[in-house]
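What follows is a set of notes on a single structure, which appears directly below.
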Amino acid sequence: ERLHVSTPKPGTRIPIAGFDVTVVSNAGDLISTPVPGMAGAGAPNPLCKDFAPRLQDSTPENYEVLGTVIRFGNFTMLDLADLTWNQEKDLVCPNNLLGTNFDVYNTTRHGTDWAGSPVLVHSARPRIAVMNNGPRKGGTQEMFKIVRGTPGFLDFWQLHYSENASKDENSPEPLIANLDSNATSHPAYYFKLSARKDGSFAVTNQRTGSSKEYPAAKSRGSAGRTN
């Protein structure tokens with residue numbers, strides 16, 4: 001017998017109560033029309049002229065990943081999983097199909113140099129980034145520079161302190177869940193993101209027990225926003 005699994009095509013809206021989840025990549029296919037309801041989606045993208053392609057890496061399954069745009073009222077999050085550098089470009093060039101002014105960007109590919117191109121990140125214009133890196137996987141110097149160079153960027157939350165970058169390049173300790181690279185010496189700490197329909201949200205660091213609040217953005221126009 002064969003197991004047949006139906007996977008959503010790019011552009012599919014996944015019915016989750018209270019959410020609007022749009023599939024933008026899956027099984028090597030990408031959306032070809034703008035994400036509905038996203039500010040700036042479909043607009044010509046002047047950043048494309050500076051894009052520099054890269055060679056495809058040696059893990060082809062990453063080319064097949066499911067990437068999503070997630071909306072909860074006015075709150076927006078971009079999660080492209082392990083999508084590759086060159087595929088990212090096709091989502092925002094020559095027109096930005098994803099939209100702009102995201103609240104949260106889950107860094108693509110664990111924050112490695114295989115993804116997270118400037119044209120993708122700076123087109124998405126996230127307010128904060130959350131990186132699911134390891135101590136020695138992801139968190140590269142180039143990636144930190146790209147994300148923090150985003151107009152209007154606020155904070156970079158890291159799952160682990162990155163040994164691939166200097167202390168100054170890492171975020172302040174309250175924005176890092178796990179500081180010790182020895183995973184057996186402490187519990188595995190996590191972040192909790194709590195979003196509200198007005199677009200405000202909070203991130204809680206389990207290690208410290210503290211939370212940081214982000215108010216709803218005052219403007220979501222395609223030309224930018226003011227926090």
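Here the side chain of His160 pairs no donor or acceptor atom with the backbone of Arg136 at under 3.5 angstrom. Distance alone, capped at 3.5 Å, places no donor-acceptor pair between the Thr108 side chain and the Leu83 backbone. Judged purely by atom type and a 3.5 angstrom limit, Glu169 has no side-chain atom pairing as donor or acceptor with the backbone of Phe144. Panel note: side chain Asn178, backbone Leu159; a donor-acceptor pair is recorded below 3.5 Å.
Atom CZ of Phe19 is separated from atom CD1 of Ile14 by 12.0 Å, given to the nearest 0.5 angstrom. Taking CD1 of Ile146 as the start and CZ of Phe153 as the end, the distance is 12.5 Å to the nearest 0.5 Å. To the nearest 0.5 Å, atom CZ of residue Arg54 and atom CH2 of residue Trp85 are 3.5 Å apart. To the nearest 0.5 Å, atom CG of residue Asn205 and atom OH of residue Tyr190 are 10.5 Å apart. If you take CG on Asp155 and CD1 on Ile128, they are separated by 7.0 Å, rounding to the nearest 0.5 Å. For the atom pair OH (Tyr63) and CG (Asp82), the distance works out to 15.0 Å, reported to the nearest 0.5 Å.
Under the 4.5 Å side-chain contact rule for hydrophobic residues, Leu47 and Val121 share a cluster. Hydrophobic clustering (side-chain heavy atoms under 4.5 Å, transitive across Ile, Leu, Val, Met, Phe, Trp, Tyr) groups Leu193 together with Ile16. Cluster annotation: Phe191 is connected to Phe72 through the hydrophobic network of ILVMFWY side chains, with a link wherever side-chain heavy atoms come within less than 4.5 Å.
Closest approach of Asn74 and Asp103 over heavy atoms only: O-OD2, 3.5 Å. When every heavy atom of Thr150 is checked against every heavy atom of Pro126, the shortest pair comes out as CG2-CD, 3.7 Å. When all heavy atoms of Asn26 and Glu64 are compared, the closest pair comes out as OD1-O, 3.7 Å. Annotation for Leu97 and Asp90: closest pair CD1-O, 4.4 Å, computed over non-hydrogen atoms. Contact detail for Leu66 and Val23: the closest heavy-atom pair is CG-CG1, 4.3 Å. Trp157 approaches Lys212 most closely through the heavy-atom pair CZ2-CB, 3.8 Å.
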>> If you apply the rule side chain to side chain contact (heavy atoms under 4.5 Å, CB included), what do you find for Thr68 with Met77, and how did you get there?
In response: CA-CA 8 Å; Thr68 56; Met77 180 167 65; over 6 Å; no
> side chain to side chain contact (heavy atoms under 4.5 Å, CB included) between Glu88 and Val119: does it pass, once the steps are laid out?
Replying inline: CA-CA 8 Å; Glu88 291 176 335; Val119 68; over 6 Å; no
> Could you walk me through whether Arg196 and Glu213 pass the salt bridge (charged side-chain N to carboxylate O under 4.0 Å, His left out) check?
Replying inline: CA-CA 11 Å; Arg196 308 174 188 92; Glu213 289 280 348; 3.0 Å; yes
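Sequence neighbours left out, the pairs with a member in residues 29-45 that pass side-chain hydrogen bond (donor to acceptor under 3.5 Å, both in side chains) are Asn45-Ser123.
Taking Ile, Leu, Val, Met, Phe, Trp and Tyr as hydrophobic and joining them when side-chain heavy atoms fall under 4.5 Å apart, one finds Tyr161 in a cluster with Ile176, Leu179.
Leu98 places a side-chain heavy atom less than 4.5 Å from the side chain of Ile31. Considering only heavy atoms from C-beta on, Met143 stays 4.5 Å or farther from His110 through its side chain. Arg71 is listed as a side-chain neighbour of Met38, based on a closest heavy-atom distance under 4.5 Å. Val69 has its side chain out of reach of Thr76: every pair of non-hydrogen atoms, C-beta onward, lies at least 4.5 Å apart. Using a 4.5 Å heavy-atom cutoff, the side chains of Leu80 and Val24 are in contact. Side chains of Phe51 and Asn86 form a contact here, defined as non-hydrogen atoms less than 4.5 Å apart. Residues Val147 and Met131 fail the side-chain proximity criterion, which asks for heavy atoms closer than 4.5 Å. Between Arg125 and Pro151, the closest side-chain pair of non-hydrogen atoms falls below 4.5 Å.
Asp168 and Ser166 share no donor-acceptor pair across their side chains, judged by distance under 3.5 Å alone.
Between Tyr214 and Phe201, the ring-plane angle classifies as parallel under the 30° and 60° cut-offs.
Gln158 pairs with exactly one of Asn170, Val130, Leu175 by the side chain to side chain contact (heavy atoms under 4.5 Å, CB included) rule, that one being Asn170.
Within a 6.0 Å radius of OH in Tyr189, more than 12 heavy atoms belonging to other residues, nucleotides or ligands are found.
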